[in-house]
Amino acid sequence: MSFINYSSREISCKIVYYGPGLCGKTTNLQYIYAKTNPEAKGKMISLATETDRTLFFDFLPLSLAEIRGFKTRFHLYTVPGQVFYDASRKLILKGVDGVVFVADSQIERMEANLESFDNLRTNLAEQGYDLAKVPFVVQYNKRDLPNVVPVDELRRALNIQGVPEYQAVAPTGVGVFDTLKAVAKLVLTELRKTG
Amino acid sequence: MNAQMVMYEDEFNQITQVCERLTREASAKVVFLVDKNGQLIASCGQTENLDTTSLASLTAGNIAATGGLAKLIGEKEFSILFHEGERDNLHITIVGGRVILVVIFDSRSSLGLVRLRVKKAGEELGRIFDGLLKKVEAPGAGSPFAEITDEDIDNLFSE
Ligand SMILES: Nc1nc2c(ncn2[C@@H]2O[C@H](COP(=O)(O)OP(=O)(O)OP(=O)(O)O)[C@@H](O)[C@H]2O)c(=O)[nH]1
Ligand SMILES: [Mg+2]
């Protein structure tokens with residue numbers, strides 16, 4: 001849930017990157033971190049295993065320009081994608097304002113995508129959120145690999161809602177900022193509605 | 001979705017006063033307040049070389065993880081956490097069920113003193129946050145974002 005601070009004239013929103021293990025969530029944040037001006041970003045925190053798998057979360061604070069005299073901040077989080085970290089994923093989703101689902105486009109990861117997508121819906125519902133009402137964007141990542149599922153097939157499986165969707169190659173940044181901008185825009189638009 | 005978290009000038013000043021007094025009376029190095037989602041609300045004391053944004057996010061993660069542990073063993077939550085370091089110690093409490101009060105202190109203070117002062121400050125903070133919640137829920141407390149335009153949003157990203 002966003003936090004409007006009239007005293008410091010700031011608004012902060014929480015965006016969570018969700019998706020199966022190794023789909024590229026952490027890589028999205030690393031690219032954003034690498035390409036953002038020092039004055040617009042804080043430290044990136046990664047609570048990871050020794051093999052660089054996310055253990056609890058990654059955290060990246062961004063601060064964008066002002067809207068109506070309020071500094072806008074986005075706190076980006078990733079969840080750990082590995083199936084057995086479900087308890088941690090539920091904690092990270094608390095108070096979320098917007099969700100990015102990062103899909104792994106490789107044929108052999110299709111089942112993992114579907115499982116993670118169901119898991120997202122279930123975990124959101126447990127907190128009283130309806131995925132259809134949460135600002136939500138889908139990213140089809142790893143489009144550079146040879147064995148990928150065609151986009152329209154991914155869409156039929158993961159985006160029947162017709163939310164904004166982007167093809168991406170996270171390590172080189174293809175689609176990374178488009179995805180972030182789209183979700184940020186939805187979050188701010190939602191704020192206008194509830195305001 | 002959940003109620004919006006909002007902070008106003010008046011309440012912010014009251015909260016800062018309580019935190020400043022707590023810093024003094026508990027001989028603490030730093031006192032800060034974080035909401036359960038990891039957003040920093042206020043901080044005082046020796047914060048110059050401290051990454052308070054990271055601290056806020058990790059504190060909330062810590063509280064969330066121990067809260068999860070508590071539920072697993074049939075507790076509601078652990079309302080006090082204490083981490084002892086070689087030089088500095090961290091004392092973490094949940095205030096009013098919603099915000100997290102963190103005190104960093106060294107050997108110039110003691111756990112007993114911190115506990116005592118935190119208890120009193122926690123009660124005061126709880127009252128301030130109760131009032132704040134009522135104010136936010138009151139009708140007519142419109143958001144400044146009700147009027148933002150698509151252009152405002154697009155401009156954010158025009159690097
Ligand atoms: N070829 C290719 N590799 C990618 C792409 N995106 C990520 N990777 C690689 O996939 C591996 C896993 O990426 P991470 O970002 O750590 O994956 P994650 O989703 O954070 O995984 P968990 O933390 O386990 O949930 C890394 O070696 C990345 O370099 C992509 O678009 N193309
Ligand atoms: Mg990761």
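This is a predicted model, so every value here is computed, not measured. Computed over heavy atoms, backbone and side chain alike; hydrogens, waters and symmetry mates excluded. Lettering follows sequence order; numbering is per chain, from 1.
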### Summary
Heavy-atom nearest pair, B:N37 first then A:G95, reads OD1-CA, 3.6 Å

### Query
What part of A:L47 lies closer than 4.5 angstrom to a heavy atom of chain B: side chain, backbone, both or neither?
side chain

### Task
Please report the closest heavy-atom contact between B:S54 and A:K43, naming both atoms and the distance.
OG-CB, 3.9 Å

### Query
Checking heavy atoms, do the side chain of A:S88, its backbone, both or neither come under 4.5 Å from chain B?
neither

### Message
Is there a path of hydrophobic side-chain contacts, each under 4.5 Å between heavy atoms, that joins B:I63 and B:V102?
### Response
yes

### Summary
Nearest heavy-atom contact between B:E9 and A:Y6 is OE1-O, 4.1 Å

### Query
Same cluster for B:F129 and B:V6 if Ile/Leu/Val/Met/Phe/Trp/Tyr side chains link at under 4.5 Å?
yes

### Query
Considering residues, nucleotides and ligands other than A:Q161, do more than 12 of their heavy atoms fall under 6.0 Å from its CD?
yes

### Query
So A:Y77 and B:S57, side chain to side chain contact (heavy atoms under 4.5 Å, CB included) or not? Walk me through it.
CA-CA 10 Å; A:Y77 285 84; B:S57 153; 3.4 Å; yes

### Task
Output the distance between atom CD1 (A:I4) and atom CD (B:Q39), rounded to the nearest 0.5 Å.
11.0 Å

### Query
In the single-linkage hydrophobic clustering (I, L, V, M, F, W, Y; side-chain heavy atoms under 4.5 Å), do B:V99 and B:L90 co-cluster?
no

### Message
A quick test of your reading: do over 12 heavy atoms of other residues, nucleotides or ligands sit less than 6.0 Å from CD of B:E48?
### Response
yes

### Message
Is there a continuous path of hydrophobic side-chain contacts, each under 4.5 Å between heavy atoms, that joins B:F105 to B:L101?
### Response
yes

### Summary
Separation between CD1 (A:I45) and CG (B:L55), nearest 0.5 Å, reads 8.0 Å

## Note on the structure
If one checks every heavy atom of B:L40 against chain A at 4.5 Å, the contacting part turns out to be backbone

### Message
If you count every heavy atom of other residues, nucleotides or ligands that lies below 6.0 Å from A:E39 atom CD, does the total exceed 12?
### Response
yes

### Query
Can you tell me how far the CG atom of A:L91 sits from the NZ atom of B:K36, to the nearest 0.5 Å?
11.0 Å

#### Entry: Pairs of heavy atoms under 4.5 Å with chain A: top-ranked of B:A60, B:G67, B:A65, B:G68
B:A65

### Query
Are there more than 12 heavy atoms of other residues, nucleotides or ligands under 6.0 Å from atom CD of A:E111?
no

### Between B:L58, B:L72, B:D35, the one whose heavy-atom pairs under 4.5 Å with chain A are most numerous
B:L58

